[in-house]
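A short worksheet on the structure shown next.
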Amino acid sequence: MKNIYSVVVGEDFNTQMLDHLIRADGQEDLMFATYCPSSGSNRLTGIISSIILPNEGDRLVHGNVEFYPHYLERALKIASERKEGLVFIHSHPFPGWQSMSEADVVAETRISPTVFGATGLPLIGMTTGCDGTWSSRFWEKNTKVKRTYNRHWCSSVRVTGKGLKVYFNNEILKPRFDAEKQLRTISAWGTRTQEDISRLKVGIVGLGSVGSIVAEILSRTGFSFFTLIDFDGVEKKNLDRTLGTYNEDVGNAKVKTIANSIRKSGTSPNIVIEECESSICEEAGYKEALDCDFIFSCVDRPWPRQILNFISYAHLIPVIDGGIKVRTNKSNTKLVGSDWRAHTVGYGKVCLECIGQFQSEFAKLESDGYLDDPEYIEGSNVHLPNEFNENVFPFSAHLAAMEVLQALSVLITPSGIADVGQQNYHFVTGSMDIERGHCEDNCFYSSIVGKGDTLGLKPFGRHKVAEAARSKRKKS
């Protein structure tokens, strides 16, 4: 049993559901849908995967609304065939996060055993208000009392697409901000947006030059919930490009060092930080990432990028990624040029592989342990990308700001614009190009959108480099 529950809906399904449920005559309506589970370290998420609209004679609308047994039977058959869970959805004629009437409780309590028996997964109940605000809950089987199901309210319902809209349960996730410390920040986008920012859970994968700066920007902006994922420790060579690290931090885990930095610089009155001393390529790091509302990819290696790409599509968690490429002369004594790019990937957007941010062959080599084997690389025909480990602090600072701005566009949609495209900055000319692409026709990631745990795939594995780094710190 998880401690946190959530639901995520793609914007296309969201539009179809609201078009049906919010009626011009003001009456309530209902429908069913199916979902795929997404199991993180502490959060269970239901990903809406298909909608099952009622046919003529499936329900009775009379101010309130009720369904007939054959509609439930049809919905259960579809869910069972898809090997997914079932969602019961209805509308209320007033706005905001919706609680449940006595009739709602009776209806969902009665069908929970049938749904679990047919699908093996808990029933999800969802309600929308007349303004399109969602609320949701899971009905999990009580292992101590037969045919009894416990209601677990979701902390949030997320709608993802070009942007990310999150509807919060105020009873579980209360806003946490300091109006005095954040006066100038709030003046930019208002109290309501700041309340939402203060409740979002952000993941930062990789706490080097870019990730450490991203963490600083977010902490001062008022984010309160952080998940930091990095297996590495602070070394002397990091001090010229990693914000928040000092001589006394050498030898310490990066997650602990950056967590301490966030606590010092954060403007939220109550900051919660999950410190994960693992790689995103290991199960612990992967599971922690699934608990996040959105993720910053601050890595420069192919296997981590491949996994973050997988998460963004299979689990509908937006990922903000970036990279820096530096060009020097043959003797490495003069800078010829440098370029960096920032982009957001996930539902409805082009993936990292299709825009060339990683190659599957290199990800495979890294997961097999060969990419860090000099003898293997020297004796093979593999030509490694020269952007590995090239970050320089001024370049990283600019990229980190670009990534945060990408995230803010997704979250607050200024002037209605959420997707600003792939931004490519050229240091020598001081110019920026904007690209908007789409995935290739045979893209694997386009085929796994919203499949979550039902894929049965485990993209993570043993990461010997991470194991060695942790072992080295323990010995010292």
Side-chain angles (χ1 to χ4, degrees), residues 5-24 26-38 43-54 65 75 78-79 82 84-98 123-138 153-169 173 192-193 196 199-201 292-294 311-319 344-349 407 409-413 416-419 446 448-452 454:
Y5 298 83
S6 183
V7 168
V8 61
V9 188
E11 64 180 3
D12 292 336
F13 281 150
N14 184 66
T15 299
Q16 295 177 57
M17 291 158 64
L18 294 180
D19 283 348
H20 169 73
L21 293 166
I22 301 179
R23 300 169 57 103
Q27 297 188 84
E28 296 182 10
D29 213 329
L30 58 76
M31 61 181 292
F32 287 100
T34 65
Y35 76 92
C36 297
S38 171
R43 184 175 75 182
L44 176 60
T45 298
I47 308 171
I48 303 300
S49 51
S50 73
I51 58 176
I52 309 169
L53 292 172
V65 62
I78 292 171
R82 294 173 63 95
E84 298 173 356
L86 192 67
V87 190
F88 174 57
I89 312 169
H90 71 284
S91 56
H92 282 170
F94 32 86
W97 180 280
Q98 301 296 306
L123 170 72
I124 292 180
M126 294 184 70
T127 312
T128 182
C130 60
D131 60 349
T133 297
W134 287 107
S135 65
S136 190
R137 54 258 159 210
F138 280 68
W153 279 102
C154 293
S155 59
S156 66
V157 177
R158 295 166 282 141
V159 178
T160 184
K162 289 184 178 180
L164 176 66
K165 175 62 178 176
V166 185
Y167 301 100
F168 293 101
N169 184 339
L173 273 176
R192 178 65 181 272
T193 296
D196 289 347
R199 292 182 282 188
L200 289 164
K201 188 168 188 178
C292 299
D293 296 323
F294 67 103
I311 288 172
S312 71
Y313 289 90
H315 296 273
L316 298 195
I317 300 174
V319 171
T344 303
V345 299
Y347 183 91
K349 300 180 178 68
S409 292
V410 169
L411 297 174
I412 67 177
T413 60
I417 299 174
D419 184 1
S446 296
I448 64 170
V449 172
K451 298 294 186 182
T454 63

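All residue numbers refer to positions in the sequence shown, counting from 1.
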From CA spacing to verdict: side-chain contact (heavy atoms from CB on, under 4.5 Å), Gln16, Leu53 = CA-CA 9 Å; Gln16 295 177 57; Leu53 292 172; 5.7 Å; no
Test Val87 against Met31 for side-chain contact (heavy atoms from CB on, under 4.5 Å), laying out the working first.
-> CA-CA 9 Å; Val87 190; Met31 61 181 292; over 6 Å; no
Lys451/Val449 under side-chain contact (heavy atoms from CB on, under 4.5 Å): CA gap, chis, key distance, verdict | CA-CA 6 Å; Lys451 298 294 186 182; Val449 172; over 6 Å; no
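Put simply, the side chain of Trp134 reaches to within 4.5 Å of the side chain of Met17, judged on heavy atoms. For the pair Thr127 and Ser136, the minimum side-chain heavy-atom distance is 4.5 Å or more. For the pair Ile51 and Phe13, the minimum side-chain heavy-atom distance is below 4.5 Å. Between Asp293 and Arg43 the shortest side-chain heavy-atom distance falls below 4.5 Å. Side-chain contact between Phe294 and Thr160: absent, with no pair of heavy atoms (C-beta onward) separated by less than 4.5 Å. Side chains of Asp29 and His20 form a contact here, defined as non-hydrogen atoms less than 4.5 Å apart. When side chains are defined from C-beta on, Thr133 does not count as touching Thr128, because their heavy atoms never get closer than 4.5 Å. Between Leu44 and Pro37, the closest side-chain pair of non-hydrogen atoms falls below 4.5 Å.
Distance alone, capped at 3.5 Å, is enough to place a donor-acceptor pair between the Ser135 side chain and the Gln98 backbone. When atom types are taken as modelled, the side chain of Ser38 and the backbone of Thr45 share no donor-acceptor pair closer than 3.5 angstrom. Of the possible polar contacts, one joining the Asn169 side chain to the Cys154 backbone as a donor-acceptor pair under 3.5 Å is found. For the pair Thr34 (side chain) and Gly85 (backbone), a donor-acceptor distance under 3.5 Å is absent.
Between Ser49 and Glu84, the side chains place a donor N or O and an acceptor N or O closer than 3.5 Å (distance only, hydrogens not considered).
The CD1 atom of Ile89 sits 9.5 Å away from the CG atom of Leu30 when rounded to the nearest 0.5 Å. Put simply, CZ on Arg158 and CD1 on Ile317 are 6.0 Å apart, with the number rounded to the nearest 0.5 Å. In this structure, CG in Leu86 is found 9.0 Å from CD1 in Ile78, a value given to the nearest 0.5 Å. To the nearest 0.5 Å, the span separating CZ on Phe94 from SG on Cys130 amounts to 8.5 Å. Once rounded to the nearest 0.5 Å, the distance linking OG1 of Thr413 with CG of Asp419 reads 12.0 Å. A distance of 6.0 Å separates CD1 of Ile47 from SG of Cys36, quoted to the nearest 0.5 Å.
Here the shortest heavy-atom pairing between Val166 and Ser156 reads CG1-CB, 3.7 Å. A pairwise comparison of heavy atoms in His315 and Gly452 identifies CE1-CA, 3.6 Å as the closest pair. Listed here is the closest heavy atom pair of Gly10 and Leu316: N-CD1, 4.3 Å. The shortest heavy-atom contact between Gly26 and Pro93 is O-CB, 3.7 Å. Considering every non-hydrogen atom in both Tyr5 and Trp153, the closest pair reads CB-O, 4.1 Å. Nearest heavy atoms, Trp97 versus Phe168: CE3-O, 3.3 Å.
A side chain to side chain contact (heavy atoms under 4.5 Å, CB included) with Asn14 holds for exactly one of Val8, Val159, Val157; it is Val159.
Figure legend: Lys349 and Tyr347 shown without cation-pi pairing, the cationic atom not lying both under 6.0 angstrom from the six-membered ring centre and within 45 degrees of its axis.
Ring orientation note: the planes of Phe32 and Phe88 are tilted relative to one another, at an angle of 30° to 60°.
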